[in-house]
Amino acid sequence: MISVIPRIKAACKFAAAFVVTIASALGAEAADRVSVGVVNASSDIALFIADAKGYFKDADLEVQFHTFDSAAKMIAPLGAGQLDVGAGAASSGLYNAVERGINLRVVADKARNAPGYGFQSFMVRKALVDSGDIKSLADLKGRKVAIVAAASSDASVLNQAMISAGLRFSDVEKVYLGFSKHMTAFQNGAIDASITTEPTVSALIKAGVATRLTGNDAFYPNAQTAVILYGGEFATKRSDVAKRFMKGYIRAVRDYNNALKDGHLAGNGADELIEIFIRYGNIKDKALLKTMTTHGANPDGWVNVISMKNDWLFFKDNGQIKGTVAVDDVLDRSFVDAALKELGPYKKSGL
């Protein structure tokens, strides 16, 4: 008589495997998809950490990254509901977009020039420093200074720099150049100084064409340079998903803060985070990522409202904000608060 026990066992194993497969498939379908805009800048690192370390997965989220040439190009798809999460500078363009009816929310900190973490710097042509012509910000009077754009947050930073040196915004000649063009401009003498961000700062120093006069954190500490944005539809129609995303993001920002030391990614867990950024981002030089001055990010998530309001006043006074939309009209702290309710306040580990 042929035993049927082996057949029964085989059938049971098949059924168990089938149940696991179906459960896995259902689990995958249950994950909520979130589209996230990035520019592959160093300030995107927390988004990459959250994905690589499974924090988004823990929140039942499937995140899809979409690369943009600039944060400004995220505004329209965020407003149209084609993009859920993005980032941008707290510039006049943000307020003007909301004035035009584009539904956006500023929901969290992304990057700031925290004390000791001035990843944006005032750079000066090396020949002018070597000759002694420029020793301080006050010596920039009448000089050509590069900033990204007239309506950028850099313009407000430049204004703060001039105030700190006893000068006026009009005392320098503004030249509008993207960071990628600063190298050539310094080399051919087209500019005398610039407000530049990492990793371009390190590249300029390595090339010997410019010297770091001061970090922006010295004269404008905690200036809010980049924020996390939610599209209006994501914030309202998928608020539970948006809260879960924020929890994963803040967990990653805390890992990032744990890895900070003396202005660099040199603390607890830094090597792992650098490898993550190399895998996701467009900076592949490990030595550069270890030595460049990195940005600050609030481990409890919220933006520097005072900095944003100061910048808003500058934009308004210079006629760059056309409507009545103010800072408080674009802020939505509810997602950070929901995340902190679960996570509690930040306590640095590895000390």
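Basis for what follows: all heavy atoms, side chains included, without hydrogens, waters or symmetry-related copies. Each residue takes its place number in the sequence, starting with 1.
- Side-chain contact of Tyr346 with Asn257: a donor-acceptor pair under 3.5 Å is absent, judged by distance alone.
- Residues Val201 and Thr293 have side chains not in contact (no heavy-atom distance under 4.5 Å, counting atoms from C-beta outward).
- Note: Asn304 CG to Asp109 CG = 8.5 Å, rounded to the nearest 0.5 Å.
- Salt bridge annotation for Glu99-Lys322: absent, with no cationic side-chain nitrogen under 4.0 angstrom from a carboxylate oxygen.
- For the pair Ala149 and Ser152, the tightest heavy-atom approach, listed with the atom from each and the gap, is O-OG, 2.8 Å.
- By the 4.0 Å N-to-carboxylate-O rule, Arg244 lies close enough to Asp240 to be salt-bridged with it.
- Between Ile283 and Pro199 the shortest heavy-atom distance is CD1-CG, 3.7 Å.
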Should Tyr230 and Asp84 be marked as a side chain to side chain contact (heavy atoms under 4.5 Å, CB included) after you check the CA-CA gap, both sets of side-chain angles, and the distance that decides it?
CA-CA 6 Å; Tyr230 278 178; Asp84 298 316; over 6 Å; no

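- The 12-atom threshold is not exceeded at NZ of Lys126, counting heavy atoms of other residues, nucleotides or ligands nearer than 6.0 Å.
- Rounded to the nearest 0.5 angstrom, Ile191 CD1 and Met123 CE are separated by 10.0 Å.
- Between the CG atom in Leu204 and the CZ atom in Arg125 there is a gap of 12.5 Å [rounded to 0.5 Å].
- Remark: Asp130 CG is packed, more than 12 non-hydrogen atoms of other residues, nucleotides or ligands lying under 6.0 Å away.
- Across every non-hydrogen atom of Ala138 and Leu167, the tightest pair is O-CD1, 3.8 Å.
- The closest side-chain donor-acceptor pair between Tyr55 and Asp255 falls under 3.5 angstrom.
- Under the 4.5 Å side-chain criterion, counting only non-hydrogen atoms from C-beta, Asn40 is in contact with Phe48.
- Side-chain heavy atoms closer than 4.5 Å link hydrophobic residues (I, L, V, M, F, W, Y) into clusters, and following such links, possibly through other members, connects Leu313 to Val106.
- Atom CZ of residue Arg112 and atom CD of residue Gln224 lie 5.0 Å apart, to the nearest 0.5 angstrom.
- Annotation: side chain of Arg105 is in contact with side chain of Thr236 (closest heavy-atom distance under 4.5 Å).
- A donor-acceptor pair under 3.5 Å is formed between the side chain of Thr225 and the backbone N or O of Ala111.
- To the nearest 0.5 Å, atoms OG (Ser92) and CD (Gln320) are separated by 5.0 Å.
- Ion pairing of Asp328 with Lys309 is present here, as a side-chain N (NZ or NE/NH1/NH2) and a carboxylate O approach within less than 4.0 Å.
- A donor-acceptor pair under 3.5 Å is absent between the side-chain atoms of Trp312 and the main chain of Ala90, judged by distance alone.
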Under the side chain to side chain contact (heavy atoms under 4.5 Å, CB included) criterion, do Leu83 and Phe68 qualify, and how do the steps go?
CA-CA 11 Å; Leu83 190 67; Phe68 289 78; 3.9 Å; yes

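- For the pair Val336 and Tyr249, the minimum side-chain heavy-atom distance is 4.5 Å or more.
- Of the N and O atoms on the side chains of Thr200 and His182, not one donor lies less than 3.5 Å from an acceptor on the other residue.
- Residue Leu137 is grouped with residue Ile147 when hydrophobic side chains (ILVMFWY) are merged at heavy-atom distances under 4.5 angstrom, including chains of intermediate members.
- In this model, no donor atom of one side chain and acceptor atom of the other lie less than 3.5 Å apart for Asp154 and Tyr176.
- Phe119 and Leu289 sit in two unconnected hydrophobic clusters of ILVMFWY residues. Membership requires side-chain heavy atoms under 4.5 Å apart, directly or through other members.
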For Leu229 and Ile75, run side chain to side chain contact (heavy atoms under 4.5 Å, CB included): C-alpha distance rounded to whole Å, both residues' side-chain angles, the deciding distance at 0.1 Å, then the answer.
CA-CA 9 Å; Leu229 300 170; Ile75 299 299; 4.1 Å; yes

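- With a 6.0 Å radius and a threshold of 12 heavy atoms from other residues, nucleotides or ligands, Arg33 has its CZ atom at or below the threshold.
- With a 4.5 Å cut-off on side-chain heavy atoms, Glu198 and Thr294 do not count as touching.
- When all heavy atoms of Ala89 and Ser153 are compared, the closest pair comes out as CB-OG, 3.8 Å.
- Asp44 and Lys110 are joined by a salt bridge, as a carboxylate oxygen and a charged side-chain nitrogen come within less than 4.0 angstrom of each other.
- Between the side chain of Lys247 and the backbone N or O of Ala339 there is no donor-acceptor pair closer than 3.5 Å.
- A salt bridge is absent between Asp139 and Lys135; no separation between the charged side-chain nitrogens and carboxylate oxygens falls under 4.0 Å.
- Two residues are said to be in side-chain contact when any heavy atoms from C-beta on lie closer than 4.5 Å; Gln160 and Asn216 fail this criterion.
- Of all the heavy atoms in Ser70 and Val39, the pair that sits closest is C-CG1, 3.7 Å.
- The pair Asp51-Lys57 fails the salt-bridge criterion, with no side-chain N (NZ, NE, NH1 or NH2) lying under 4.0 Å from an Asp/Glu carboxylate O.
- Atom CD1 of Ile306 is surrounded by 12 or fewer heavy atoms from other residues, nucleotides or ligands within 6.0 Å.
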Residues Leu331, Trp302; criterion side chain to side chain contact (heavy atoms under 4.5 Å, CB included); working and verdict:
CA-CA 10 Å; Leu331 297 178; Trp302 194 228; 4.1 Å; yes

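- Thr184 places no side-chain N or O within 3.5 Å of a backbone atom of Lys181 that could act as its donor or acceptor partner.
- Met162 CE to Phe219 CZ: the interatomic distance, rounded to the nearest 0.5 Å, is 7.5 Å.
- Of the charged side-chain nitrogens involved, none lies within less than 4.0 Å of a carboxylate oxygen, so that Asp192 and Lys144 do not count as a salt-bridged pair.
- Leu47 and Tyr280 fall within the same hydrophobic cluster, where Ile, Leu, Val, Met, Phe, Trp and Tyr residues are linked whenever their side-chain heavy atoms come under 4.5 Å apart, directly or through other members.
- Although no hydrogens or angles enter the test, the distance criterion places a donor-acceptor pair under 3.5 Å between the side chain of His264 and the main chain of Met292.
- Heavy atoms of other residues, nucleotides or ligands lying less than 6.0 angstrom from NZ of Lys316 number more than 12.
- Linking Ile, Leu, Val, Met, Phe, Trp and Tyr residues whenever their side-chain heavy atoms come within less than 4.5 Å leaves Val227 and Val148 in two separate clusters.
- Lys284 NZ: more than 12 foreign heavy atoms inside a 6.0 Å radius.
- Within the 4.5 Å cutoff, no side-chain heavy atoms of Phe335 are placed close to those of Phe245.
- No donor-acceptor pair under 3.5 Å is formed between the side chain of Lys261 and the backbone N or O of Asn258.
- Residues Gly248 and Ala50 come closest through the heavy atom pair O-CB, 3.6 Å.
- Panel note: side chain Asn113, backbone Gly215; no donor-acceptor pair is recorded below 3.5 Å.
- Checked by atom type, the side-chain pair Glu233/Asn103 shows no donor-acceptor distance below 3.5 Å.
- At distances below 3.5 Å, not a single donor-acceptor pair connects side-chain atoms of Asp317 with backbone N or O atoms of Phe314.
- When only modelled atom types and interatomic distance are considered, Asp311 and Tyr220 share a side-chain donor-acceptor pair under 3.5 Å.
- For the pair Tyr117 and Asp217, the minimum side-chain heavy-atom distance is 4.5 Å or more.
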